[in-house]
Amino acid sequence: MMKETWDFGLLVKSLFLLVLGVLCVSGFDPADNFLIDCGSNKDTNVGNRVFMADKSAAKFLSTSQNILADTPSNSITKADDSPLYQTARIFTQQSSYKFPISQAGRHWIRLYFYPFVYQEYDMSKATFSVSTQQNVLLGNFTPKNVTVKEFSVNVTSRDLVIMISPLSYSFAYINALEVVSVPDILITDDASTISPAGTFSGMYAQALETVARVNMGGSLVSFDNDTLWRTWVTDQSFLTEASSAKSVNKIASVKYPQDGVTPDIAPQTVYGTCSKMNVADTGNDPNANFNVTWTFDVEPGFQYFIRLHFCDIVSTAANQLLFNIYVNSWNVANDFDPGQKVQGFLATASFNDYVTPPARSNRLNISVGPSPRSLFPDAFLNGLELLKLNNSQGSLTQVASVPTSPSSRAKKNVGVIVGVSVGVPLILLMVGILFCMHRRKKQEQLAQSKIWIPLSVNGGNSHTMGSKYSNGTTISAASNLSYRVPFPALLEATSNFDESLVIGIGGFGKVYRGVLCDGTKVAVKRGNPKSQQGLAEFRTEIEMLSQFRHRHLVSLMGYCDEKNEMILVYEYMENGTLKSHLYGSDLPSMSWKQRLEICIGSARGLHYLHTGYAKAVIHRDVKSANILLDESFMAKVADFGLSKTGPELDQTHVSTAVKGSFGYLDPEYFRRQQLTEKSDVYSFGVVLFEVLCARPVIDPSLPREMVNLAEWAMKWQKKGQLEQIIDPNLKGKIRPDSLRKFGETAEKCLADFGVDRPSMGDVLWNLEYALQLQEAVIQDDPEENSTILIGELSPQVNDFSHVDAGASAARIESPNLDDLSGVSMSRVFSQLVKSEGR
């Protein structure tokens, strides 16, 4: 009876695979299917496809030349012995193919190149560009070996024109050409963005270039075994450490779900193999902790589309395996369950799509690694596709336009196309600039406007204006006028304020990621014009940041006040907020040294605010969400909308309404409504404990005594047991002296009364010292009080919180308060002494 059951099950499985095989063979029937064997005098069969002879394709070609080249078949290497490489068409002037499109939508463009010598033409020296009506595909391109360049473009017109343009001193050639329809389901309009995490909308409109298409753990999948005639290469050459990966092959077990994942997405031979962590199948190595990583060459400056293919042929039961997926240093899928999209079924095909931020280096790493939540440590990947997205000019190359050749009718035709595509935006931009200049001049003559006009802060010539929401403002004239950014430029930079580009939302309004026309990345904060608080912040940000420049303060790059808008433009901070790296996201944990350096950088920025100008500037909203990190994790203080100038020299405080963020707010300021620089010091003390403990400053879900981080941490600090509550990721990684110094500094910042708190200069010094203690062992008694050690390191001053102002000023001649970073400890110390004498 058992034998009969087994035989029946085998029969069902065989029938299923037979049906699946028939489906795979049938494949996709493209509406448009143009295949040309360039230079050939007869049709060429390649697998089950027929490439038409060059003379049959003449109806698509616009050129005055007819240079057809061929090479003996024995000159083609065995590895690349396709008959398509035995002939080529050569172009010495700009020429074009024009294909009638019967069905709009995404199309493949595949270009085949193999350099050989024909008469006086050495194809290995040809340099040329290839473009369509909308996109530059190749620029100043010189094929060196057998090369297939594959592109995917969205065709919306009735014709697709492919222009081939040699450089003026060179020529162009092509061995074969494909223009083929792509199924609508292949590329959806949305994908997940990596940094910041969100959704990328508009994939339909993107031109894509295939960078890599990889069959993990399997063999080469040739185009005649793929329903869309794609080639999938093996992953061995991409693995950074081949010994970390182990191949699995279970092709016969692959199933396709009912949600649109078909063999057109990836063939069964891709989903049926994988590379997994090289750990025992039994999971008897519970401590295995490494990633399997693949490295790909990319071109900096472009975004990339990544499709990861998954089919769980590793697990023995559903939902038993969780792992993490990384793109470079970003954890794009924490505790990823490969069966989540397929209702837990094993060996069932699925995929994830991601879009990267613009690449900063020529390497892109994709990694999978174990999750501590998994039943056993393992991770796998079945297949990968990596495609380059066109830039804002529609180009897939850094060459912005197609080069021109000597005068000819073809040159004129292509020149018009390229000139229009490149020139029109330039003309519009110039018109916009001239319009803005004319408008500004007219507004100055009329001495009235609906936008902000600067007033004098420190005396001198000034003029006043207001908006429909204001009564006028006061901003430095010298610094402010050059900051205006035209509204159309910001519309273009943010794709008309596309919601998918939102990277933050605050009381002032939404913040968008944007790219200006010169390629500069920016953060664009668009205010809500109905918010009176927003108006005040807008005014204050311009007033403050147009005066300050410091490497640890986020720079204001411009503002826009046209059309009753209130928009602020800042430098873009690649790594987002400090808060996002501490908790509430899937970002990797930072080391203690990294955290100390971020605290030191933030302290430098605040110290400059408090001491680097004629009057102190009090931030009033110091918190981890307002400390931003650039691509190298350098900290910069941001968001000066609540900032206020400090008291006069003969005053002790500024009386003002209480503003700030709950959990960070100075209790003395809250009680007395008297603001001093020490209010920022208190808030920064909360940030220090937040950095150490990696938890929210207010968490109502915790037990009562733990809800408020500052109160909870202070209890443990006073008991001398601060190590009990630190971030678990830091356990055993902080030197005791460094932790003690850090804890003492945070404790002093949180003193009940401002007079008992240190200055930001003192805080900066102590944090620098905590970093020294972390990085080097002090030779004195390790139990000696660290405050005494400060005096030993810098004998000039032992208690610099009570330095005589006049004496210190006399000793220090020319401190550079504009930027304290990168200088020696003694130099930093002298700066702090000088600042205390302000």
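Taking the side chain as every heavy atom from C-beta outward, K255 and Y271 never approach each other to under 4.5 Å. Using a 4.5 Å cut-off on side-chain heavy atoms (C-beta onward), V214 and F238 make contact. The shortest side-chain heavy-atom distance between I366 and V327 falls under the 4.5 Å cut-off. Looking at heavy atoms from C-beta onward, N33 lies in side-chain contact with R49 at the 4.5 angstrom threshold. Between R230 and W108, the closest side-chain pair of non-hydrogen atoms falls below 4.5 Å. Contact of the V522 side chain with the V515 side chain is not registered, since no non-hydrogen atoms from C-beta on lie closer than 4.5 Å. With a 4.5 Å cut-off on side-chain heavy atoms, I187 and F305 count as touching. Side-chain contact between I109 and L111 is present, with heavy atoms from C-beta onward closer than 4.5 Å.
Closest of all the heavy-atom pairs between A88 and Y173 is CB-CD1, 4.3 Å. Between A176 and C38, the shortest heavy-atom distance links the atoms CA-SG, 3.9 Å. Of all heavy-atom pairs spanning G218 and T234, the tightest one is O-CG2, 3.3 Å. Considering all non-hydrogen atoms of both residues, I265 and E385 come closest at O-OE2, 4.0 Å. Contact detail for T494 and G514: the closest heavy-atom pair is CG2-CA, 4.4 Å. Nearest approach of G198 to T193, heavy atoms of both residues: N-OG1, 2.8 Å.
Under the 3.5 Å distance criterion, with hydrogens and angles disregarded, no donor-acceptor pair is assigned to the side chains of D190 and T188. Side-chain contact, D70 with T87: no donor N or O sits under 3.5 Å from an acceptor N or O. Checking D224 against S222 by side-chain atom types alone, a donor-acceptor pair falls below 3.5 Å. Residues D235 and W294 have side chains that bring a donor and an acceptor to within less than 3.5 angstrom of each other. Remark: the T227 side chain and the D264 side chain contain an N/O donor-acceptor pair separated by less than 3.5 Å. Side chains of T142 and T127: a donor on one and an acceptor on the other come within 3.5 Å. Counting only N and O atoms by type, the side chains of D54 and S40 include no donor and acceptor under 3.5 Å apart. Side-chain atoms of T44 and D37 form a donor-acceptor pair, as typed in the model, at a separation below 3.5 Å. A donor-acceptor contact under 3.5 angstrom links the side chains of Y512 and E499, judged on distance only. For the 3.5 Å distance criterion, the side chains of N352 and Y354 qualify, holding a donor opposite an acceptor. Residues T348 and D312 have side chains that never bring a donor and an acceptor to within less than 3.5 angstrom of each other.
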### Message
The test is side-chain hydrogen bond (donor to acceptor under 3.5 Å, both in side chains); show your working for N66 and R89 and say whether it passes.
### Response
CA-CA 8 Å; N66 200 37; R89 175 176 276 274; 2.9 Å; yes

### Task
With side chain to side chain contact (heavy atoms under 4.5 Å, CB included) as the test, would you mind laying out the steps for L186 and R307 before giving the verdict?
CA-CA 11 Å; L186 190 65; R307 173 164 289 177; 4.1 Å; yes

### Message
Determine whether T293 and N365 satisfy the following criterion, side-chain hydrogen bond (donor to acceptor under 3.5 Å, both in side chains), listing intermediate values before the conclusion.
### Response
CA-CA 7 Å; T293 301; N365 295 323; over 6 Å; no

### Message
Set out, in order, the CA-CA distance, both residues' side-chain angles and the distance that settles side-chain hydrogen bond (donor to acceptor under 3.5 Å, both in side chains) for N249 and T273, then state yes or no.
### Response
CA-CA 4 Å; N249 187 321; T273 62; over 6 Å; no

#### Entry: side chain to side chain contact (heavy atoms under 4.5 Å, CB included) between S192 and T199, worked out
CA-CA 5 Å; S192 299; T199 301; 6.0 Å; no

### Task
Let me see the working for F116 and N175 under side chain to side chain contact (heavy atoms under 4.5 Å, CB included), right down to the final yes or no.
CA-CA 10 Å; F116 57 84; N175 297 86; 3.8 Å; yes

### Steps toward side-chain hydrogen bond (donor to acceptor under 3.5 Å, both in side chains) verdict (Y112, E178)
CA-CA 9 Å; Y112 294 75; E178 291 185 41; 2.3 Å; yes

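Applying the 6.0 Å contact sphere to CD of Q134 captures no more than 12 heavy atoms from other residues, nucleotides or ligands. Under a cut-off of 6.0 angstrom, the local environment of CG in D184 is sparse, with at most 12 non-hydrogen atoms contributed by other residues, nucleotides or ligands.
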Which atom pairs, one a donor and one an acceptor, fall under 3.5 Å between side chains of residues 153-163 and the rest of the protein, sequence neighbours left out?
unit_1, atom_1, unit_2, atom_2, d
N154, ND2, Y204, O, 3.4
S157, OG, D159, O, 2.6

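Below 30°, between 30° and 60°, or above 60°: for H309 and W232 the angle between ring planes is above 60°, a perpendicular geometry. Between F336 and F310, the ring planes are tilted. Angles from 30° to 60° get that label. By the 30° and 60° cut-offs, the orientation of the rings of F91 relative to Y97 is perpendicular. Between Y114 and Y85, the ring planes lie tilted relative to each other; the angle falls in the 30° to 60° range. Using the six-membered ring where Trp is involved, F34 and F99 have ring planes that are tilted, between 30° and 60° apart.
The closest donor-acceptor contact from the side chain of N135 to the backbone of A207 lies at 3.5 Å or more, if one exists at all. A donor-acceptor contact shorter than 3.5 Å links the side chain of S181 to the backbone of D32. At distances below 3.5 Å, not a single donor-acceptor pair connects side-chain atoms of D189 with backbone N or O atoms of S201. Put simply, the side chain of D353 never gets that close to the backbone of A191: no donor and acceptor are under 3.5 Å apart. E574 contributes no side-chain N or O that, together with a main-chain N or O of P357, makes up a donor-acceptor pair within less than 3.5 Å. In this structure, R106 contributes its side chain and S152 its backbone to a donor-acceptor pair below 3.5 Å. Listed for the S129 side chain is a donor-acceptor partner under 3.5 Å among the backbone atoms of N140. In terms of modelled atom types and a separation under 3.5 Å, the side chain of S170 and the main chain of L167 share no donor-acceptor contact.
Cation-pi geometry between K388 and F302 is satisfied (NZ or CZ under 6.0 Å from the ring centre, within 45° of the ring normal).
The six-membered or imidazole ring of F128 lies near that of F113, with a centre-to-centre distance under 6.0 Å.
P30 pairs in a side chain to side chain contact (heavy atoms under 4.5 Å, CB included) with only one of the listed residues (V182, V180, L228), which is V180.
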